[in-house]
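Below, chains carry the letters A, B, ... as their sequence lines are ordered, and counting in each starts from 1. This structure is a prediction, so every number in the text was calculated from the model and none was measured.
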Amino acid sequence: AAVTMSAGSGNRNTNTEPWGSFDENLIQGGGAAVIDMENMDDTSGSSFEDMGEMHQRMKEEEEVTAEAAAAGDDGGEDDGGEDGEFLGMKGLKGQLGRQVADEVWQAGKRQASRAFNLYANIDILRPYFDVEPVQVRSRLIESMIPVRMINFPQKIAGELYGPLMLVFTLVAILLHGMKTSGTVIREGTLMGTAIGTCFGYWLGVSSFIYFLAYLVNAQITMLQTLSLLGYGLFGHCVVLLITYNIHFHFLFYVLWLLCGGLSTLRMVAALLSRTVGQTPRLLLCGTLSVLHMLFLFYLHFAYHKILEGLLDSLDGPNMAPIQRVARDVPELTLNATLRSLGTLLKTH
Amino acid sequence: MVYLLSEEASRPFAGLSDVSISEDIPVEGDISVPVGPSTRRDEEFSTLDEPVKETILRDLRAVGNKFIHVLYPKRSTALLRDWDLWGPLLLCVTLALLLQGGAADSDDQGGPQFAEVFVIIWFGSIIITLNSKLLGGTISFFQSLCVLGYCILPLTVAMAVCRIVLVGGSGTVSFAVRLVVVTASFGWSTFASTAFLTDSQPAERKALVVYPVFLFYFVIGWMILTFSPSQ
């Protein structure tokens, strides 16, 4: 989203040409004007491609000047060689062919290195990891505290270190839960399932929320949704860590509502402050809360061993918990039937 | 003529700047490169002619030296200066082989388990390296891989001990013993790797680098602790 008066995406980089006055970016009432809110956040970085382009252009200039210098020297030496009697006419054609091949190779290499530097350059991600431990700790705690202010856009930190570490922690906790529950996933896919679930949720739901936000024109970037959802997983980690070790269903429901609810409220408030209109707000926040709460529910019940005794005493009549599902059910039943058939045949 | 040649022999090419050779005077003699320290260095670096046993022993000695540095972690740059990936590979394969044969419900469990441990160790190391580089570390990619791989040594030793303990039985006592051993070696691994890795980080960010290392060794330690041999 950009103001029509701003000169394009390139000038989000603050150390180039001077801007017009900031009056263009002030909020003009509560109307339907589209305002570029990204300038208000001090942590939203410039776009991925812009930074990569800039970096690549600088590198290419260096490369080109270096190549020109080297080519100049080579050309000089070649001329000296041709003037002498060592190469002769055949040498001249060989040189030409070699130079053409060389140039084609250089051009190809430049294209490939440009693509590589754009997408595999680790420096693009560097600003998103620029945090202090104190900041991470405070953000972790704040992710459980909803903020009431929804008339002015709330500040969402655009960092990736915290969310990434939280996803990995969730993976570790899930592994612990799967192991202690004796889930019948084979060892080879245990890790894959855990990683796939957690990363799939984080990346998939963030992209989906960003897509919905794009549809309803909410002022939030992909980095911010990733960050918001990542920090929202802190509540999940805490709840799962407790309930995978203490198997009280009642405790889980209380914690689910409490911690899950608090982190959901925090994310919802942040989104509400950046969306205009009743229906968009309902759509966006409703989707996010449903997905967030259901994910915690799923994580607890899909990988959790239910102790029969506690189950009978604590569960209410309204909610029948999902039973632990053995992953290779068809194989088990097949094996079981085969075995029973085998014993049947043996007895005959 | 003889005088000129001997002069050229002592200072090669020095006299060529003022020598003008005309076609009717035959040029003869030999340009001999003076025997000095440079040739001796060349012969030392050319290890192509040495017997294979020497090559292998030299590498093994280097690996063994680094093992000792891991077991007694002190601030030294030996691991970082001459990094190599033989040790991590050796340790990773040993650990993966020891973790095979776990409780399984079908016969072909050997494959995925080995591959799983391998993948966890290498991809975990790569991710931690990327993380420390993104946080502004000055250590290079392969140096970090080397350090993380070598610091798996205590956990491998713990795995061997656990396997031996499990031969005796898998009751509560053996679990307690295994828990203590694995916890100790996990702490040792984390401490050893942070002794090498955090030197290259700015002071305030050490905690940010240590946490993923902690998580990584925790997952490996967890795999070791929950290993139970098939009946």
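Using a 4.5 Å heavy-atom cutoff, the side chains of B/Tyr150 and B/Asp84 are in contact. With contacts defined as side-chain heavy-atom distances shorter than 4.5 Å, the pair B/Val182/B/Cys162 qualifies.
Of residues 122-130 of chain B, those residues lying under 4.5 Å from chain A by any heavy-atom pair are B/Ile127, B/Leu130.
When atom types are taken as modelled, the side chain of A/Gln224 and the backbone of A/Ser227 share no donor-acceptor pair closer than 3.5 angstrom.
Proximity to chain B (any heavy atom under 4.5 Å) is shown, for A/Val134, by neither the backbone nor the side chain. For a residue to count as touching a neighbouring chain, one of its non-hydrogen atoms must lie under 4.5 Å from one of that chain's; by this rule A/Tyr161 touches chain B with the side chain only.
Here B/Tyr217 pairs with nothing under the side chain to side chain donor-acceptor pair (under 3.5 Å) rule; sequence neighbours left out. Qualifying ring-ring contact (aromatic ring centres under 6.0 Å, His included) partners for A/Tyr201, counting only residues two or more places apart in sequence or in other chains: A/Phe295.
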All N/O donor-acceptor pairs, side-chain side in residues 207-214 of chain B, below 3.5 Å, sequence neighbours left out:
residue, atom, partner, partner atom, Å
B/Tyr211, OH, A/Thr169, OG1, 2.6

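At most 12 non-hydrogen atoms from other residues, nucleotides or ligands lie less than 6.0 angstrom from CZ of B/Phe218.
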